[in-house]
Amino acid sequence: HVHKHGDGVRDLALWVDDAREAYARAIERGAQSVAEPRVRLLLTLAATTGLRLAELVHLRWRDVDLRDLRVDVTAKRFRRRRRDGVEVEASWSPKSHAERTVFITADVADELCRFRMTQRRRDDTDWIFQGRRPGDRWMWPSTAIREAFQAAGIYERGKLTHCVRHSVATLMLQQGVDLETVRSIL
């Protein structure tokens, strides 16, 4: 498994006790952020919850409970526009149709709240990761994620958010979470 997927630490260094402080100091010294806010939020959620990319881009604001620090990953029915502009009914469900709840930290909840205030569309029914047109979700985040990974010097073809998911599992196991709990969360 380690040979094929990596150990979760070699692929990405995600565990830093004072990551926000280190980030703020780097910005103060003139560093440039390698990702736009929605990419940073998407990667933050991926790194703290282990959610898959498809699960992240299908989150609506109503799926997030900032008081209980909870994100519900549930099936969705929605309307979307095809490339030819025709609006059609669509549905989505998590892999294996396994709806579940994951928990977030207070820091991540604060980041979600700040991000929501920057969005033009922030009703409970709106997507967290929105597309260009009203009501559309972000359809192609992979390009922006790849560019952020390249700018950070950690890009490897075929290893984007899935390596982050493996890192979350590794960190949970290192923290003493039993394997069955890790499996049920991820």
With sequence neighbours excluded, tell me which residues meet salt bridge (Lys or Arg N to Asp or Glu O under 4.0 Å) with [X].
X    : result
D84  : R82
R116 : D124
R133 : D136
D126 : none

Could you check whether any side-chain N or O of [X] sits under 3.5 Å from a backbone N or O of [Y], counting only pairs where one atom can act as donor and the other as acceptor?
X    : Y    : answer
R122 : M117 : yes
R77  : S91  : no
Q130 : Q119 : no

Euclidean distance, [Y] [atom2] relative to [X] [atom1], rounded to 0.5 Å:
X    : Y    : atom1 : atom2 : value
W61  : T125 : CH2   : OG1   : 12.5 Å
I104 : L66  : CD1   : CG    : 6.0 Å
R38  : L41  : CZ    : CG    : 11.0 Å

The single option from D68, D65, D72 passing side-chain contact (heavy atoms from CB on, under 4.5 Å) against T101: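 So the option named by the test is D72.
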Single hit among L59, L53, V57, L51 for side-chain contact (heavy atoms from CB on, under 4.5 Å) with E55: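 So the option named by the test is L51.
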M139: hydrophobic cluster co-members (side-chain, 4.5 Å):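 Besides M139, the hydrophobic cluster comprises W140, listed by chain and residue number.
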NZ/NE/NH1/NH2 to OD/OE distance under 4.0 Å, R79 and E89: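 Judged by the 4.0 Å cut-off on N to carboxylate O distance, R79 and E89 do form a salt bridge.
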Partner set under side-chain hydrogen bond (donor to acceptor under 3.5 Å, both in side chains) for T74, not counting sequence neighbours: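 Scan of T74 (side-chain hydrogen bond (donor to acceptor under 3.5 Å, both in side chains), adjacent residues dropped) gives K76.
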For the student: nearest non-hydrogen atoms of R121 and G135, plus distance: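 Distance-wise, the nearest heavy atoms are NE-N, 3.6 Å.
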Parallel, tilted or perpendicular: rings of F115 and F129 (30°, 60°):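 Ring orientation of F129 relative to F115: tilted.
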Connected via hydrophobic side-chain network under 4.5 Å: L69 and L56: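 Per the 4.5 Å side-chain linkage, L69 and L56 are co-clustered.
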